[in-house]
2 protein chains.
Amino acid sequence: MSGSDLRSHALTIFQAGLQAANPVEAVERHLHLDGHTLLVHGVPYSLREFGRVLVVGMGKASAVMAKPLTTLLGSRISGGLINVKYGHRFPLSGIRVVEAGHPVPDEAGLRGTKEMIRFLGDTTEEDLVFCLISGGGSALSPAPAKGVSLGDKQDVTRRLLDCGATIHEINSVRKHLSRIKGGRLAGLAQPSALVALILSDVIGDDLDTIASGPTVPDRSTFYDSLRILSRYNLSEAIPQAALRHLEAGARGEIPETPKAMDPAFEKAQNVVVGSNAMAVRAAREKARELGYNPLILSSYVEGETREVARVHAAIAKEVLGSGNPVPPPACIISGGETTVTMQGGGKGGRNQEFALASALEIEGLNRVLIMSVGTDGTDGLTDAAGAFALGDTVERGQSKGLDAESHLAVNDSYNFFEPLDDLIITGPTLTNVMDLRLVLVE
Amino acid sequence: MSGSDLRSHALTIFQAGLQAANPVEAVERHLHLDGHTLLVHGVPYSLREFGRVLVVGMGKASAVMAKPLTTLLGSRISGGLINVKYGHRFPLSGIRVVEAGHPVPDEAGLRGTKEMIRFLGDTTEEDLVFCLISGGGSALSPAPAKGVSLGDKQDVTRRLLDCGATIHEINSVRKHLSRIKGGRLAGLAQPSALVALILSDVIGDDLDTIASGPTVPDRSTFYDSLRILSRYNLSEAIPQAALRHLEAGARGEIPETPKAMDPAFEKAQNVVVGSNAMAVRAAREKARELGYNPLILSSYVEGETREVARVHAAIAKEVLGSGNPVPPPACIISGGETTVTMQGGGKGGRNQEFALASALEIEGLNRVLIMSVGTDGTDGLTDAAGAFALGDTVERGQSKGLDAESHLAVNDSYNFFEPLDDLIITGPTLTNVMDLRLVLVE
């Protein structure tokens with residue numbers, strides 16, 4: 001193999017991963033129409049026994065996710081409403097698509113969600129409700145509890161963030177200030193049957209976390225939320241309407257979010273249709289097809305990008321040195337999402353920075369390629385999704401007057417890779433299952 | 001398995017790794033006496049054909065490494081001289097052991113090395129010279145070139161370090177200011193046969209780097225060294241005796257360090273007898289014996305400790321979630337050496353910090369153990385070599401009023417693990433092949 005083979009293989013393997021996360025294909029894979037019976041991940045729904053089939057959704061990819069449903073069920077769909085991000089509209093017959101604010105929720109999102117709630121309130125035992133959930137779903141379906149304003153809720157979240165509260169603590173409080181999160185959407189959909197199709201953008205596919213878990217049991221309580229606020233000394237600082245709501249809940253005056261044994265989940269099915277783990281597995285199959293010894297390292301990878309890159313490069317060196325953890329031709333695959341602690345005002349993103357840090361580690365190793373790409377097709381505030389690193393990357397940079405170390409020092413990976421033509425540009429992919437990283441060693 | 005099984009397995013696996021790096025056993029493994037023929041890693045040396053058998057050495061473990069030689073060859077050893085660190089003396093019949101300064105070289109080291117040089121200068125074609133090299137060997141065998149003082153050399157090194165020169169650049173200059181580094185010891189040992197037995201303490205076992213490569217070909221030149229100094233604008237700043245020496249070398253007035261085809265290496269054999277990679281492999285065999293599915297991740301691991309720990313924890317999560325990269329019971333093994341960017345004045349070391357960062361990542365995962373240990377038996381300025389992390393570590397800390405996150409924030413891992421009795425204390429091991437890390441998932 002040559003460097004260009006490594007590149008084309010890496011792209012082919014990445015494309016296979018991306019395809020597994022494509023919202024349309026992800027939903028299609030989990031639906032099967034057999035006469036009048038719709039199988040959802042193997043669970044049968046006899047369409048003859050249902051009255052209406054309704055569709056709701058929230059998230060950047062949710063409208064696209066509805067496409068296979070409309071294709072498969074056509075006029076059998078009686079109506080629906082999906083909240084998407086501005087610009088993520090997708091024409092769907094019989095389903096209203098509302099464009100709303102993300103990452104900052106806005107009035108359009110509030111109105112759309114209010115209508116969704118009204119809509120779900122009208123459902124009967126004869127109805128089958130599909131709920132399409134994807135990344136961004138939380139901000140796109142704002143529904144503050146009665147008496148609490150959107151501004152109040154945002155204020156609470158911001159204060160918790162500032163205090164260093166964990167994401168679980170923040171979610172506990174947010175869910176108890178919402179009318180649909182923390183499983184309440186499942187409660188609203190009662191007594192109809194509910195099928196949630198979920199495109200996961202979180203590590204470990206924690207359903208509780210994706211879009212704040214509108215269709216799954218909540219593990220936290222009003223009382224927990226009050227304790228969290230007092231732990232961070234926020235009880236007096238936050239908007240008092242929010243505090244009063246949580247206190248009323250803790251006194252039992254407002255129903256708790258539904259827990260695991262709640263009837264709300266008796267007729268609910270949650271299916272993760274696409275995820276980073278699925279993309280990683282699809283990449284592995286393609287790598288195997290191309291003749292590589294594939295190895296899934298982990299789809300749970302987090303941490304400071306350049307340090308995580310060094311560990312990946314260390315594995316490449318071990319493959320070269322000893323044939324461990326797998327012998328060459330090796331394809332090590334990892335997923336998840338790293339972070340970048342900004343040190344300069346450069347242009348780039350975590351994936352391009354990963355490639356740049358890798359390039360410095362594999363300098364001179366001409367049988368190695370390391371690549372990192374965001375599955376949503378964007379990386380930082382750039383038009384690239386990621387970049388390649390090869391053994392000659394640093395040297396090719398030098399020949400163009402680009403110093404890899406200086407670019408890394410100021411997070412300026414884009415301006416290093418762009419002149420080398422080593423950026424990976426996919427355009428928007430309409431999906432997001434975090435990042436894919438490949439280490440190829442021939 | 002229970003948590004205590006995981007602990008005892010982890011310790012057993014670590015001990016197997018440590019044993020592979022034991023200086024005595026490492027040398028023993030590579031020597032075999034067959035009548036009058038000594039096989040060194042398979043290469044025969046007919047003792048009848050040699051006149052004297054001489055032993056030199058430099059490094060913390062070098063005296064201990066000589067033990068199997070004296071056991072095997074007894075009175076056949078005609079003499080020798082080994083420089084070790086103060087306190088690392090070891091009685092050896094027929095070989096003088098000189099204690100010297102480390103990490104800062106001193107007069108004792110200078111005198112010992114001067115004598116070693118004289119000694120090597122006396123060798124003949126009939127002699128067989130063993131050279132025992134281990135970590136610390138560079139500082140323990142100071143031998144500035146003629147006209148250059150030890151202070152001059154240290155000044156040049158410090159200035160290069162301050163300018164951010166790479167370790168290869170620094171080594172290039174240092175080797176060209178030395179009488180024994182960069183292969184010159186092999187030159188001095190001519191025309192005798194030379195066997196270098198090397199205990200590697202560097203990633204990738206780069207022989208060029210261990211103790212500045214006294215017995216291996218040098219790839220750099222006097223001219224390279226001058227260019228490096230001018231690249232960092234140091235030509236005028238450094239002691240002029242050093243500059244004059246390098247200039248004379250570049251003009252061809254002083255012989256170059258010996259290169260790959262130099263006759264100095266015609267009768268030289270370099271054998272890495274112990275290394276991190278060997279320890280990692282021995283750990284793998286023991287893990288397999290205990291019923292684990294072992295996987296060598298990499299022996300090249302470097303980087304910021306807490307971030308590297310997160311990647312290890314991410315792999316543990318994947319094993320639990322999908323059985324990748326290997327199914328449970330899994331034992332993932334990594335080696336190399338991480339670094340710690342100090343953020344507080346706590347007590348700890350990179351291995352204990354690794355365990356503490358891991359504990360936070362695997363909280364609640366009760367089938368996981370992560371452990372990191374320094375093979376030299378010391379970790380930072382503590383009496384511990386490393387520590388364990390288990391799924392209940394953070395909670396057990398809480399029950400004793402210890403907050404894992406706060407301890408990690410100020411690098412105070414020792415004071416977190418000590419009250420939990422989760423430190424690993426081995427005492428000095430007389431070896432150093434960097435660190436061993438284990439991730440066990442049952």
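In the text below, chain A, chain B and the rest are named by the order of the sequence lines, each starting its count at 1.
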Heavy-atom neighbours of B:R219 CZ exceed 12 at 6.0 Å: no
Over all atoms of both residues, closest heavy-atom pair of B:A314 and A:Y300: CB-O, 3.3 Å
Exceeds 12 heavy-atom contacts within 6.0 angstrom, atom CD of B:E395: no
A:K317 NZ: over 12 foreign heavy atoms closer than 6.0 Å: yes
Greater than 12 external heavy atoms within 6.0 Å of A:E285's CD: yes
Backbone of A:E307 reached by a side-chain donor or acceptor of B:E304 within 3.5 Å: no
CZ-OG1 distance between B:R310 and A:T339, expressed to the nearest 0.5 angstrom: 6.0 Å
Pick from A:L297, A:V280, A:T338 with the largest number of heavy-atom pairs that fall under 4.5 Å of chain B: A:L297
A:S298 side chain to B:E318 backbone, donor-acceptor under 3.5 Å: no
Within 6.0 Å of CD in A:Q343, more than 12 heavy atoms from elsewhere: yes
Within-4.5 Å side-chain heavy-atom neighbours: A:V308 and B:V308: no
Pick from B:V326, B:D205, B:V301, B:I315 with the largest number of heavy-atom pairs that fall under 4.5 Å of chain A: B:I315
Option that, when pairs with chain A are counted at under 4.5 Å, heavy atom only, ranks first among B:G303, B:P294, B:G336: B:G303
Side-chain H-bond candidate by donor/acceptor type, A:R284 with B:N324, under 3.5 Å: yes
Pairs of heavy atoms under 4.5 Å with chain B: top-ranked of A:I333, A:I203, A:I296, A:V311: A:I296
